[in-house]
Number of protein chains: 2
Amino acid sequence: MKRAMKTERSYTRLLDQLRSAGLRLTRQRLALAKLLFGGMERHVTAELLYGEAQAARVPVSLATVYNTLHQFTDAGLLKEIMVDSGRSYFDTNTSHHHHFYCETSGELSDIDGADVAIELLLEPPLGREVSGIDVIVRVK
Amino acid sequence: MKRAMKTERSYTRLLDQLRSAGLRLTRQRLALAKLLFGGMERHVTAELLYGEAQAARVPVSLATVYNTLHQFTDAGLLKEIMVDSGRSYFDTNTSHHHHFYCETSGELSDIDGADVAIELLLEPPLGREVSGIDVIVRVK
DNA sequence: GTGTTTGCAAAGTGTTTGCAATTTA
DNA sequence: TAAATTGCAAACACTTTGCAAACAC
């Protein structure tokens with residue numbers, strides 16, 4: 001009962017976030033949102049999410065998966081991660097955090113923001129302001 | 001005279017590095033090496049270097065530019081940087097350092113390793129060892 | 001109903017590859 | 001001369017786009 005309520009509440013919040021981003025609640029967007037946000041935090045590529053949608057018998061095209069990932073990113077529901085030129089990863093964890101990236105397996109895992117102490121002892125280039133710091137700890 | 005000697009010395013060193021990497025001293029590799037290492041530290045993409053080679057009337061194909069960038073990277077003469085999914089940057093600065101990446105201009109600039117104090121308060125995933133830490137300070 | 005969204009297929013980008021011709025050592 | 005390298009064009013992987021049909025509100 002408690003679990004159901006919790007799910008329901010976050011689902012309502014999700015709908016609000018989609019609506020306030022000006023996105024209609026289409027079958028495809030709702031299904032992809034469920035795959036993305038229905039469980040634990042995760043890292044996906046477009047191709048991976050597309051595969052999951054097919055496995056779940058969700059009728060959606062790859063083009064729509066790409067569009068949706070970008071729309072969700074713009075809406076602040078996802079965060080795009082750059083670890084691999086040639087492939088975009090999207091992270092359902094939008095809070096301040098960093099990543100382990102395994103060069104052997106291609107696997108990506110989160111590092112809580114509090115678990116990295118970082119200090120920049122230098123000003124950014126003239127006229128620029130820091131918009132974020134990404135730390136990628138490469139492992140093998 | 002001093003300048004000539006200095007140039008000559010680093011050039012000799014470069015040739016040694018290429019040879020010890022098992023790379024023959026071909027016209028293309030030498031010309032690309034001159035473009036890459038002949039001046040100050042720089043960040044290039046394959047396309048950019050190819051353009052410069054053409055401007056310098058160096059007969060080289062784009063495929064060879066790609067091959068060469070990877071061979072130089074394997075030989076430790078370049079470092080590959082991932083800031084933009086869909087495009088690889090190569091850095092002639094192979095020492096320990098980080099980057100500013102301007103999201104507005106796409107410009108990349110170095111941050112000396114000593115100018116970033118970073119501490120990882122967490123063990124890497126089981127069975128993995130840290131092979132490097134990349135810090136990208138995004139600015140706009 | 002009206003404007004948005006979808007799906008398809010085509011086009012676009014950046015990169016890699018197969019292989020014959022060329023070049024280096 | 002033998003082995004490595006080059007250049008071309010084709011193939012590749014990932015992503016975006018144009019547009020008619022379908023859908024949400």
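Note that these values count all heavy atoms, side chains included, but never hydrogens, waters or copies made by symmetry. Every chain is numbered from 1, with letters handed out A, B, ... down the list of sequences.
Using Watson-Crick or G-U wobble geometry with both donor-acceptor distances under 3.5 Å, D/dC23 finds its partner in C/dG3.
A side-chain donor-acceptor contact under 3.5 Å links B/Asp91 and B/His99. Neither side chain, A/Glu80 nor A/Thr73, offers a donor N or O lying under 3.5 Å from an acceptor on the other. For B/Thr64 and B/Gln28, the side-chain atoms include no donor-acceptor pair closer than 3.5 Å.
Of the side-chain N and O atoms in A/Gln28, one or more sit less than 4.0 angstrom from OP1 or OP2 of C/dG7. A close approach under 4.0 Å does not occur between any side-chain nitrogen or oxygen of B/Ser88 and OP1 or OP2 of C/dG14. At D/dT6, none of the side-chain N or O atoms of B/Ser61 fall inside 4.0 Å of OP1 or OP2 (strictly under the cut-off). Considering only side-chain N and O atoms, A/Arg29 lies under 4.0 angstrom from the phosphate OP1 or OP2 of C/dT5.
Among the nucleotides D/dT16, D/dT6, C/dT6, the one closest to any side-chain atom of A/His70 is D/dT16.
Residues A/Ser85 and A/Val65 both approach DNA chain C. Their nearest nucleotides, taken by heavy-atom distance, put A/Val65 toward the 5′ side. The residue among A/Tyr66 and B/Val60 whose nearest nucleotide of DNA chain D lies closer to the 5′ end is B/Val60.
Ring centers of A/Phe90 and A/His70: under 6.0 Å apart, within the cut-off.
The distance between atom CZ of B/Arg19 and atom P of C/dT24, rounded to the nearest whole Å, is 14 Å. Note: CG (B/Leu62) to P (D/dA9) measures 13 Å, nearest angstrom.
Residue A/Arg24 is in base contact, counting any heavy-atom pair closer than 4.0 Å across all strands shown.
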